[in-house]
Amino acid sequence: MCGIVGYFGNRDSVPILINGLKRLEYRGYDSAGLAVIGDDQLHWLKKAGKVSVIESAADDHVLNGTVGIAHTRWATHGEPNDVNAHPHLDQTGNIALIHNGIIENYNVIKQVLEKEGVTFQSETDSEILVQLISKIYYKDGLSFPEAVQAALQEAVGAYGIVVICKDEPDVMVAARHGSPLVLGIGEGEYFIASDASPIVEHTRGVVYLDEGEMVVLQNDGYTISQMKDKKVVTKDISLIEHDLEAIEKGNFPHFMLKEIYDQVNTITDTMRGRLQVEEGNAFLGGLADYIPRIEKAKRCYITACGTSWHAGIIGKYLLEEYAGIPVHVEYASEFRYRRTIVDNETVVIAISQSGETADTLAAIKKAKEQGALTLGICNVVGSSIARNTDCGVYTHAGPEIGVASTKAFTAQVTVLSMLALLLGRKKGLSKQQGIKLAKALAEIGKDVETILSDTYNIEDIAEEHMQVDNFLYLGRGVNFPVALEGALKLKEISYIHAEGYPAAEMKHGPIALIDDNMPVVFIAPHDKTYDKVLSNIQEVYARKARIIILTDKKSKDLEKLSDYIIKIPQCHPRVFPILASIPLQLLAYHLAVLRGCDVDMPRNLAKSVTVE
């Protein structure tokens with residue numbers, strides 16, 4: 001969840017590190033810091049607050065060096081303040097470390113080190129690593145890389161670390177276990193980061209470190225080895241597919257708004273080369289060798305967290321309707337710890353934007369141990385979920401920087417729609433029915449463009465409701481998870497309390513909350529659920545709530561009962577959830593802006609949740 005960046009080369013590392021932190025700030029923004037080696041000295045600076053704080057402070061300090069590390073933090077152990085910020089230094093002041101993850105046995109190690117006279121400065125679990133490395137390095141006579149490797153053998157938990165030492169200034173060591181690291185290969189220079197965003201402006205060539213691997217950077221090159229047995233590993237250099245423009249805001253005031261508008265293209269990009277409209281089918285190359293086993297599965301689990309979990313619920317509706325496969329949707333954090341009915345006749349679909357979500361990775365590991373076929377749906381090429389599942393499908397949403405997921409969600413639902421179409425055709429869905437769905441999917445791009453071409457109504461609704469404290473979102477069937485997702489977006493970025501419910505369940509509790517100050521958003525397509533949703537609207541209308549209706553066709557009934565109507569293009573009922581999500585994203589966005597919230601970096605949240 002924290003952001004890591006390191007530079008090893010011939011240029012001044014400070015501007016490279018600070019710019020890298022800006023690229024990574026969506027991963028954590030409680031505090032930031034950097035350490036560089038120059039003039040035979042280790043210089044460091046760290047501050048609570050966003051990267052802009054450390055950037056201003058760096059302007060007032062003499063910091064220079066061609067080897068350096070930097071970090072932006074999302075706090076786990078210890079409050080976000082200057083002392084708990086990274087990098088952490090050992091008690092000699094010669095070694096600096098940055099860390100993403102959690103060291104579970106930090107307390108045991110800390111007690112041992114304290115008995116040996118080590119004094120700790122911070123409340124963090126991370127500091128024990130640098131103090132342990134220091135103890136081994138200075139007492140046992142090992143080289144710096146050997147000391148790092150030995151210290152990590154004693155650590156239990158998850159980590160991505162980068163370490164430098166003043167006494168070996170021409171060496172940088174990085175290692176990963178449960179937290180991603182990417183090595184960028186430049187012309188006589190190297191970059192280390194927790195994802196590719198700080199690297200792409202310098203080089204497109206990268207190596208993704210796998211679990212349990214360590215890389216040592218030196219003037220004559222780099223060496224990757226397995227930490228357990230020190231075996232040297234040869235890895236291919238991959239190319240970053242996106243360019244620098246993809247991680248810039250352009251003319252948009254926020255990344256989130258840019259990414260909402262990106263959906264004109266990203267949904268279509270996810271289907272490109274996969275949707276077969278004339279055959280009423282889809283082709284997902286990453287699954288081709290596994291389709292027979294998927295077809296024969298007796299059950300399917302979809303496991304995910306947050307927004308991806310909502311996409312999974314939509315996937316459940318689609319897979320059960322079109323393919324007739326029983327589907328259970330589980331939070332990954334629950335799946336990993338409870339007894340699940342999983343065997344070699346089970347398919348487990350794991351969904352994650354980043355491909356690094358810790359709970360989802362743990363769920364995959366459990367599923368594989370129990371014999372299930374694992375299928376990943378993620379957005380990041382080379383991510384841990386992509387490498388650890390048996391097969392999978394990439395979404396093609398491009399980099400998503402805004403913490404609140406938008407385009408990744410609609411791309412995930414698009415993949416699940418194609419998967420349901422593919423399996424449905426193999427299990428009896430007629431060609432005619434397949435063509436109807438495929439045509440509707442193919443037309444999404446222009447429908448999204450229509451929605452985004454006129455958003456003034458949504459802005460007006462936001463302005464009228466910027467002072468409210470609560471929202472209720474209601475939908476039925478496949479649009480119930482759309483209500484959940486709309487409520488989550490509002491909570492995440494505007495800090496307005498919001499809940500999503502099945503519309504019929506509203507009268508079994510939440511109706512007690514409804515009064516003339518409560519805005520209620522109804523998702524009301526003209527499908528087989530329309531009459532029932534209309535009845536639910538009337539129940540709320542009778543209690544004088546403020547009613548906002550999202551629909552695909554205006555009618556006298558809706559106009560009579562509503563305060564506001566948001567209309568989207570008429571479409572296939574199973575494509576409606578994708579389109580309906582976009583106005584709800586915009587509503588959350590405009591409310592957050594009007595309330596003065598930091599849209600791209602909402603409080604207490606981080607983009608990639610790599611800790612449990």
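All figures in this text were calculated on a predicted structure; none of them were measured in a lab.
Between the side chains of His328 and Glu330, no donor-acceptor pair is found at a separation under 3.5 Å. When only modelled atom types and interatomic distance are considered, Gln263 and Thr406 share no side-chain donor-acceptor pair under 3.5 Å. Between the side chains of Gln412 and Thr395, no donor-acceptor pair of N or O atoms lies under 3.5 Å. Judged purely by distance below 3.5 Å, without hydrogens or angles, the side chains of Lys489 and Thr307 pair a donor atom with an acceptor atom. A side-chain donor from one of Asp195 and Ser197 sits under 3.5 Å from a side-chain acceptor of the other. Between the side chains of Ser31 and Arg73, no donor-acceptor pair is found at a separation under 3.5 Å. At a cut-off of 3.5 Å, with distance as the only test, a side-chain donor of Ser384 or Arg176 sits close to an acceptor on the other residue. When only modelled atom types and interatomic distance are considered, Asn100 and Ser179 share a side-chain donor-acceptor pair under 3.5 Å.
Put simply, the side chain of Asn105 gets close to the backbone of Val156: a donor and an acceptor are under 3.5 Å apart. The closest donor-acceptor contact from the side chain of Thr270 to the backbone of His396 lies under 3.5 Å. Within the 3.5 Å criterion, the main-chain N or O of Asp210 finds a donor-acceptor partner in the side chain of Glu213. For Lys491 (side chain) and Ala498 (main-chain N/O), a donor-acceptor pair under 3.5 Å exists by modelled atom type. With Thr72 contributing its side chain and Gly3 its backbone, the two residues share no donor-acceptor pair below 3.5 Å. The backbone N or O of Gly477 lies less than 3.5 Å from a partner atom in the side chain of Tyr317, making a donor-acceptor pair. Checking side-chain atoms of Asn388 against main-chain N and O of Leu361 turns up no donor-acceptor pair under 3.5 Å. A donor-acceptor contact shorter than 3.5 Å is absent between the side chain of Tyr495 and the backbone of Pro602. Remark: side-chain polar atoms of Lys365 are not paired, donor with acceptor, to backbone N or O of Thr360 under 3.5 angstrom. The closest donor-acceptor contact from the side chain of Asp600 to the backbone of Met256 lies under 3.5 Å.
At least one side-chain heavy atom of Ile523 sits under 4.5 Å from a side-chain heavy atom of Phe576. Between Leu423 and Leu319 the shortest side-chain heavy-atom distance falls below 4.5 Å. Within the 4.5 Å cutoff, side-chain heavy atoms of Ile582 are placed close to those of Leu452. Residues Ile351 and Ile302 form a side-chain contact, since some pair of their non-hydrogen atoms from C-beta on lies under 4.5 Å apart. Side-chain atoms of Ile578 and Ile444, non-hydrogen and from C-beta on, do get closer than 4.5 Å to each other. Between Leu579 and Val448, some side-chain heavy-atom pair lies under the 4.5 Å cut-off. Between Ile314 and Arg574, every side-chain heavy-atom pair lies at or beyond the 4.5 Å cut-off. Taking 4.5 Å as the limit, some side-chain heavy atom of Ile349 sits within range of a side-chain heavy atom of Leu419.
Between Ala487 and Gly500, the shortest heavy-atom distance links the atoms CB-N, 3.6 Å. Minimum interatomic distance between Leu152 and Met227 (heavy atoms only, all atoms of both residues): CD1-SD, 3.4 Å. Taking each heavy atom of Leu287 and Cys391 in turn, the nearest pair found is CD2-SG, 3.8 Å. Pairing each heavy atom of Ile103 with each of Ala158, the nearest pair is CD1-O, 4.1 Å. Closest heavy-atom contact between Pro577 and Asn479: CG-OD1, 3.6 Å. Contact detail for Gly398 and Lys407: the closest heavy-atom pair is O-CE, 3.8 Å.
The OG1 atom of Thr410 lies 10.0 Å from the CD1 atom of Ile260; values are rounded to the nearest 0.5 Å. Remark: Leu275 CG to Ser417 OG distance equals 10.0 Å, nearest 0.5 Å. Remark: Leu373 CG to Asp343 CG distance equals 12.0 Å, nearest 0.5 Å. Within the model, atoms SG of Cys300 and CD1 of Ile325 stand 6.5 Å from one another, a figure rounded to the nearest 0.5 Å. One finds the OH atom of Tyr208 at 12.5 Å from the CG atom of Asp236 (value rounded to the nearest 0.5 Å). Taken from CD1 in Ile294 to OG1 in Thr346, the straight-line distance is 12.5 Å, to the nearest 0.5 Å.
Relative ring orientation between Tyr222 and Tyr190 is described as perpendicular, the plane-to-plane angle rising above 60° on a 0-90° scale split at 30° and 60°. Aromatic ring pairs are classed by plane angle as parallel below 30°, tilted from 30° to 60° and perpendicular above 60°; the pair Tyr301 and Phe335 is perpendicular. Taking the six-membered ring where tryptophan is involved, the planes of His99 and Tyr159 are tilted, since the angle between them lies from 30° to 60°.
With salt bridges taken as basic N to acidic carboxylate O contacts below 4.0 Å, none links Glu345 and Lys296. Of the charged side-chain nitrogens involved, at least one lies within less than 4.0 Å of a carboxylate oxygen, so that Arg336 and Asp359 count as a salt-bridged pair. Using a 4.0 Å cut-off between charged nitrogen and carboxylate oxygen, Lys316 and Glu320 count as a salt-bridge pair. Using a 4.0 Å cut-off between charged nitrogen and carboxylate oxygen, Arg425 and Glu279 do not count as a salt-bridge pair.
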For this session: With side chain to side chain contact (heavy atoms under 4.5 Å, CB included) as the test, would you mind laying out the steps for Val347 and Arg299 before giving the verdict?
Result: CA-CA 7 Å; Val347 174; Arg299 70 189 67 83; over 6 Å; no
Exercise. For Leu437 and His572, what are the C-alpha separation, side-chain angles and deciding distance, and is it a side chain to side chain contact (heavy atoms under 4.5 Å, CB included)?
Worked result: CA-CA 7 Å; Leu437 178 57; His572 191 289; 4.1 Å; yes
Problem set entry | Intermediate values then yes/no, side chain to side chain contact (heavy atoms under 4.5 Å, CB included), Gln433 and Tyr322 | CA-CA 10 Å; Gln433 289 174 301; Tyr322 287 107; 5.6 Å; no
Exercise. For Ile493 and Asp598, what are the C-alpha separation, side-chain angles and deciding distance, and is it a side chain to side chain contact (heavy atoms under 4.5 Å, CB included)?
Worked result: CA-CA 7 Å; Ile493 62 170; Asp598 192 336; over 6 Å; no
Exercise. Yes or no on side chain to side chain donor-acceptor pair (under 3.5 Å) for Thr389 and Thr374, after CA distance, side-chain angles and deciding distance?
Worked result: CA-CA 5 Å; Thr389 46; Thr374 55; 5.2 Å; no
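More than 12 heavy atoms of other residues, nucleotides or ligands sit less than 6.0 Å from atom NZ of Lys427. By the 6.0 Å contact criterion, NZ on Lys235 is enclosed, its count of non-hydrogen atoms from other residues, nucleotides or ligands being greater than 12. Within a 6.0 Å sphere centred on CD1 of Ile291, other residues, nucleotides and ligands contribute more than 12 heavy atoms. The number of heavy-atom neighbours closer than 6.0 Å to NZ of Lys439, taken from other residues, nucleotides and ligands shown, is 12 or below.
If you run side-chain hydrogen bond (donor to acceptor under 3.5 Å, both in side chains) between Ser405 and each of Gln353, Gln585, Glu400, Glu259, only Glu400 comes through.
Two rings, from Tyr501 and Tyr473, have their centers 6.0 Å or more apart.
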